[in-house]
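Written out below as structure tokens is the structure these notes cover.
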Protein chains: 2
Amino acid sequence: MKTIKLRDKLIEKGLKVTPQRIAILEAVHKLNSHPTAEKIFDFVRKDHPNISMATVYKVLDALVANGLLSKVKSEKDSMRYDAVTDKHHHLYSSDSEDIADYYNDEINKILSDYFKEHNITDFEIEDVRLQIIGKFKNRN
Amino acid sequence: MKTIKLRDKLIEKGLKVTPQRIAILEAVHKLNSHPTAEKIFDFVRKDHPNISMATVYKVLDALVANGLLSKVKSEKDSMRYDAVTDKHHHLYSSDSEDIADYYNDEINKILSDYFKEHNITDFEIEDVRLQIIGKFKNRN
DNA sequence: TTATGTAAAGATAATAATTCTCCTTTAAGA
DNA sequence: TCTTAAAGGAGAATTATTATCTTTACATAA
């Protein structure tokens, strides 16, 4: 994604356009592997040597709050960030910290049809996500 | 669940039966609301004033490793423990830290049938869990 | 029933991820 | 350009969890 488009997205949300925000947003798009805040920090620091970890967290929070990024919990301890904000599910490795996006409109339809017919007592569903746990094959 | 049955479960798994383990296992059963380690600690400390937080974590890990408890990640920062180890899903509150268990064999069947027919490239599925996010109604 | 080896408990320090505080800088509109 | 509220930076603080090390106490077997 172009910087110009990222700028527009920030403006659209009423967020100030700062070099740090552009850099972090770009970083999450480039590091397309659900990076941790630390990974993002390391990446961004190449071009912005003075950026602080606190800024990375603050910017990520702002971007998540405005729907420009999304946040996933790893099986271990850290939050992971995702440039993809469309509806999607996640594949979690049961033996490593790998996470992959999983798109499947067919399963989305099955789930949404199912829950349209079957309410959950005293609960108003906003979103249904799958956590698919297993092993990645053919990985180096 | 009776203490005697908890004892047997520990023995069955080759774990030593200790008062701390019994107390912690009982606590998670009694606090049937996905307690945090801290909540469990506070509860257990009433009867075992000398128990340490480290013991709570160690015992919980041992119980989870042996399938006597399960572990869920909250949307925020801490692990939550669950006395229920059967296959089930979770309802997450989008505006609080509440988590509830959700059982539904029908949806289990739909999912397992679906994924039996539709492999995910380069991924071997071990488990599929739903995270259903929304709002609890009629709560005090 | 007591002795003994080992697993587990307890105390405390360490670590890791994240958040907070406080002060400085900067983007964006007047 | 000036103003000011928003954002960034540095570093301390917090929170949850893990590690280390010593002490205690299960569980088996004499």
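Worth saying up front: this structure is predicted, and the values here are computed from it rather than measured. Labels below follow one simple rule: chain letters A, B, ... track the order of the sequence lines, proteins then strands, and each chain is numbered from 1.
Protein atom NZ of A:Lys71 is 8 Å distant from nucleotide atom P of C:dT18, rounded to whole Å. Rounded to an integer number of Å, the gap from A:Leu10 CG to D:dA7 C1' is 12 Å. Atom C1' of nucleotide D:dG8 and atom NZ of A:Lys16 are separated by 11 Å, given to the nearest angstrom. Rounded to whole Å, atom P of D:dA25 lies 12 Å from atom NE2 of B:His48. Between A:Phe41 atom CZ and D:dG9 atom C1' the separation is 11 Å, expressed in whole Å. Remark: P of C:dT18 and NZ of A:Lys39 are 12 Å apart, rounded to the nearest angstrom. Taking atom CG of A:Asp47 as the reference point, atom P of D:dG8 lies 16 Å away to the nearest angstrom. Residue A:Lys58 contributes atom NZ, which lies 12 Å from atom C1' of D:dG11 at whole-angstrom precision.
Counting only distance, with no hydrogens or angles, the side chain of A:Lys135 and the backbone of B:Glu126 share no donor-acceptor pair below 3.5 Å. B:Lys87 contributes a side-chain N or O that, together with a main-chain N or O of B:Val128, makes up a donor-acceptor pair within less than 3.5 Å.
Where A:Met53 and B:Thr18 each meet DNA chain C at their nearest nucleotide, the meeting point lying more 5' is that of B:Thr18. Each of B:Ala37 and A:Gln20 was assigned the nucleotide of DNA chain D with the nearest heavy atom; the assignment lying further toward the 5' end belongs to A:Gln20. Judged by closest nucleotide on DNA chain D, A:Ser52 is the one of A:Ser52 and B:Asp61 placed further toward the 5' end. Mapping B:Ala54 and B:Gly14 onto DNA chain C by nearest heavy atom places B:Gly14 closer to the 5' end of the strand.
Of the candidates D:dG9, C:dA8, C:dA17, D:dG9 carries the atom nearest the A:Asn50 side chain, counting heavy atoms from C-beta on. Across C:dA17, C:dG10, C:dA28, the shortest atom-to-atom separation from the side chain of B:Thr55 is found for C:dG10. Closest to the side chain of A:Arg21, out of D:dG8, D:dA16, C:dA9, is D:dG8.
Of the listed residues (B:Asn104, B:Asn108, B:Asp101), just one forms a side chain to side chain donor-acceptor pair (under 3.5 Å) with B:His89, and that residue is B:Asn108.
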Please assess B:Val44 against B:Glu26 for the test side-chain contact (heavy atoms from CB on, under 4.5 Å), listing each intermediate value before the final yes or no. CA-CA 9 Å; B:Val44 169; B:Glu26 275 185 342; over 6 Å; no
After noting the C-alpha distance and the side-chain angles of B:Asp82 and B:His88, does the key distance pass the side-chain hydrogen bond (donor to acceptor under 3.5 Å, both in side chains) rule? CA-CA 11 Å; B:Asp82 195 344; B:His88 66 285; 2.9 Å; yes
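Residue A:Tyr57 has a polar side-chain atom (N or O) positioned under 4.0 Å from OP1 or OP2 of C:dT18.
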